[in-house]
Amino acid sequence: MGTQTLQTKLHPRQSLSEQVYERIREAIVTLAFEPGQLIYENQLAESLSVSRTPVREAIRSLVNECLLEVLPQRGTRVAYISVKKVLEARFIRSLLEQGAFRIAAAEWSAEKKTVSNKAIQRMLEEQREAAADGDITVFLQLDEAFHRVIMEEAGNATLLNVVYQMRGHLNRLRYMALRQYRHMPQIVEEHERLFEAIAANDSELAGRLLELHFGKLNDEMSELRALTPHYFID
């Protein structure tokens, strides 16, 4: 696919560099830019109607995340999916988020139950709507937003940053799983049970449910790799 996938308006809430980075990253995660595809600064800049400077900065950040690779004399390539890296990222993210969800559950106060419950319930309803519409991209964004909101309640900014940096490798595979299995309604149900445990201050249950929630990816990975072997490097 070409860079026409990026031809949408940018939003003023972030700096230009951040917006360009997010747009290219989303194209990688949603496989609009497929593993192994070559991309070029000038084409990206033209597609986004920006100079090459923010594109170059975005590419540098994505190379650091191992989502892009610089090929001397050829250009920049979207990194192939590494099963090893996905498994490492899933393991670490699962451990970090279990800790954060347990803390959030233990500290879920009456004030949070009044203020945050409505926002999370609205988010869950938006997830149900995206699932009904079959909108995988929006659903994945809302999925990430749900996890981020709960982790924010743990009050650990470093944890949030680490998880964010790791999620790109996982989310390409998660996007493939959503596209293949269409199990979005089941994921919403899992989120609902997770939130019920947190709102009930049940830290242990929240941790166990989250472990099960992440564990399904292991079962799906072998089949996804067999269906699209050209996406994978190991």
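- A distance of 10.0 Å separates CD of Gln141 from CZ of Arg148, quoted to the nearest 0.5 Å.
- Residues Leu212 and Leu96 fall into different hydrophobic clusters, defined by Ile, Leu, Val, Met, Phe, Trp and Tyr side chains chained together at heavy-atom separations under 4.5 Å.
- Counting all heavy atoms, side chain and backbone alike, Cys66 lies closest to Ala79 at O-CB, 3.3 Å.
- Taking hydrophobic clusters as Ile, Leu, Val, Met, Phe, Trp and Tyr residues chained together by side-chain heavy-atom distances below 4.5 Å, Val70 does not share a cluster with Tyr80.
- Residues Asn117 and Phe195 have side chains in contact (heavy-atom distance under 4.5 Å, counting atoms from C-beta outward).
- Residue pairs meeting the salt bridge (charged side-chain N to carboxylate O under 4.0 Å, His left out) criterion with at least one partner in residues 180-192, sequence neighbours excluded, are Arg128-Glu192, Glu190-Lys216.
- Val83 and Met221 get closest at one heavy-atom pair: CG1-SD, 3.4 Å.
- Between the side chain of Gln127 and the main chain of Leu142, a donor-acceptor pair closer than 3.5 Å is present.
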Worked check of side chain to side chain contact (heavy atoms under 4.5 Å, CB included) between Glu152 and Leu160: CA-CA 7 Å; Glu152 284 174 349; Leu160 278 171; 3.6 Å; yes
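- His169 is listed as a side-chain neighbour of Leu67, based on a closest heavy-atom distance under 4.5 Å.
- Taking Thr228 as the reference, Met176, His230, Tyr231, Phe232 meet the side-chain contact (heavy atoms from CB on, under 4.5 Å) condition, with sequence neighbours excluded.
- Every residue meeting the ring pair (Phe, Tyr, Trp, His ring centres under 6.0 Å) condition with Phe146, not counting sequence neighbours, appears here in chain and number order: His191.
- Scanning all heavy atoms of the two residues, the minimum distance from Tyr175 to Thr30 falls at CE2-O, 3.2 Å.
- Proximity of Glu26 to Thr137: side-chain heavy atoms (C-beta onward) are separated by under 4.5 Å at one or more points.
- If you take CG on Leu178 and CD1 on Ile136, they are separated by 6.0 Å, rounding to the nearest 0.5 Å.
- Under the 4.5 Å side-chain contact rule for hydrophobic residues, Leu159 and Phe91 share a cluster.
- Interatomic distance, Ile39 CD1 to Glu34 CD, rounded to the nearest 0.5 Å: 13.0 Å.
- Applying the ring pair (Phe, Tyr, Trp, His ring centres under 6.0 Å) test to Phe101 and every residue at least two apart in sequence or in another chain returns His147.
- Side-chain heavy atoms closer than 4.5 Å link hydrophobic residues (I, L, V, M, F, W, Y) into clusters, and following such links, even through other members, never connects Leu227 to Leu173.
- Two residues are said to be in side-chain contact when any heavy atoms from C-beta on lie closer than 4.5 Å; Val188 and Phe139 meet this criterion.
- Separating the CG atom in Asp202 from the CG atom in Leu194 is a distance of 11.0 Å, to the nearest 0.5 Å.
- A donor atom on one side chain and an acceptor atom on the other are not found under 3.5 Å apart for His213 and Glu97.
- If you take CD1 on Ile28 and CG on Leu68, they are separated by 4.0 Å, rounding to the nearest 0.5 Å.
- Here the side chains of Leu38 and Leu71 are in contact, with some heavy-atom distance below 4.5 Å.
- Under the 3.5 Å distance criterion, the side-chain polar atoms of Asp234 are left unmatched by any main-chain donor or acceptor of Ser82.
- The shortest distance between side-chain heavy atoms of Leu31 and Arg179 falls below 4.5 Å.
- When each of Arg25, Arg23, Glu18 is tested with Tyr21 by the rule side-chain contact (heavy atoms from CB on, under 4.5 Å), just one qualifies, namely Arg25.
- Under a hydrophobic clustering in which Ile, Leu, Val, Met, Phe, Trp and Tyr are joined whenever their side-chain heavy atoms come within less than 4.5 Å, directly or via other members, Ile103 and Trp108 fall into different clusters.
- Contact between Val86 and Leu170 at its shortest, heavy atoms only, is O-CD2, 3.6 Å.
- Counting heavy atoms from C-beta on, the side chains of Phe33 and Leu44 come closer than 4.5 Å.
- In this structure, Lys118 NZ and Arg122 CZ are separated by 9.5 Å, a value rounded to the nearest 0.5 Å.
- Between Pro35 and Arg172, the shortest heavy-atom contact is CG-NH1, 3.7 Å.
- Pairs passing the salt bridge (charged side-chain N to carboxylate O under 4.0 Å, His left out) check and including a residue from residues 158-167, sequence neighbours excluded, read Glu144-Arg167.
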CA sep, side-chain torsions, deciding dist, call: Ile198, Ile120, side chain to side chain contact (heavy atoms under 4.5 Å, CB included): CA-CA 12 Å; Ile198 290 168; Ile120 293 177; over 6 Å; no
Pair Asp143-Arg174, side chain to side chain contact (heavy atoms under 4.5 Å, CB included): steps then yes or no: CA-CA 11 Å; Asp143 181 294; Arg174 294 180 64 220; 2.7 Å; yes
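- Under the rule for a side-chain contact (heavy atoms from CB on, under 4.5 Å), the partners of Arg102 that lie at least two apart in sequence or sit in another chain are Gln98, Ser203, Glu204.
- The minimum heavy-atom distance between Pro229 and Ala226, with the atom names listed, is CD-O, 3.4 Å.
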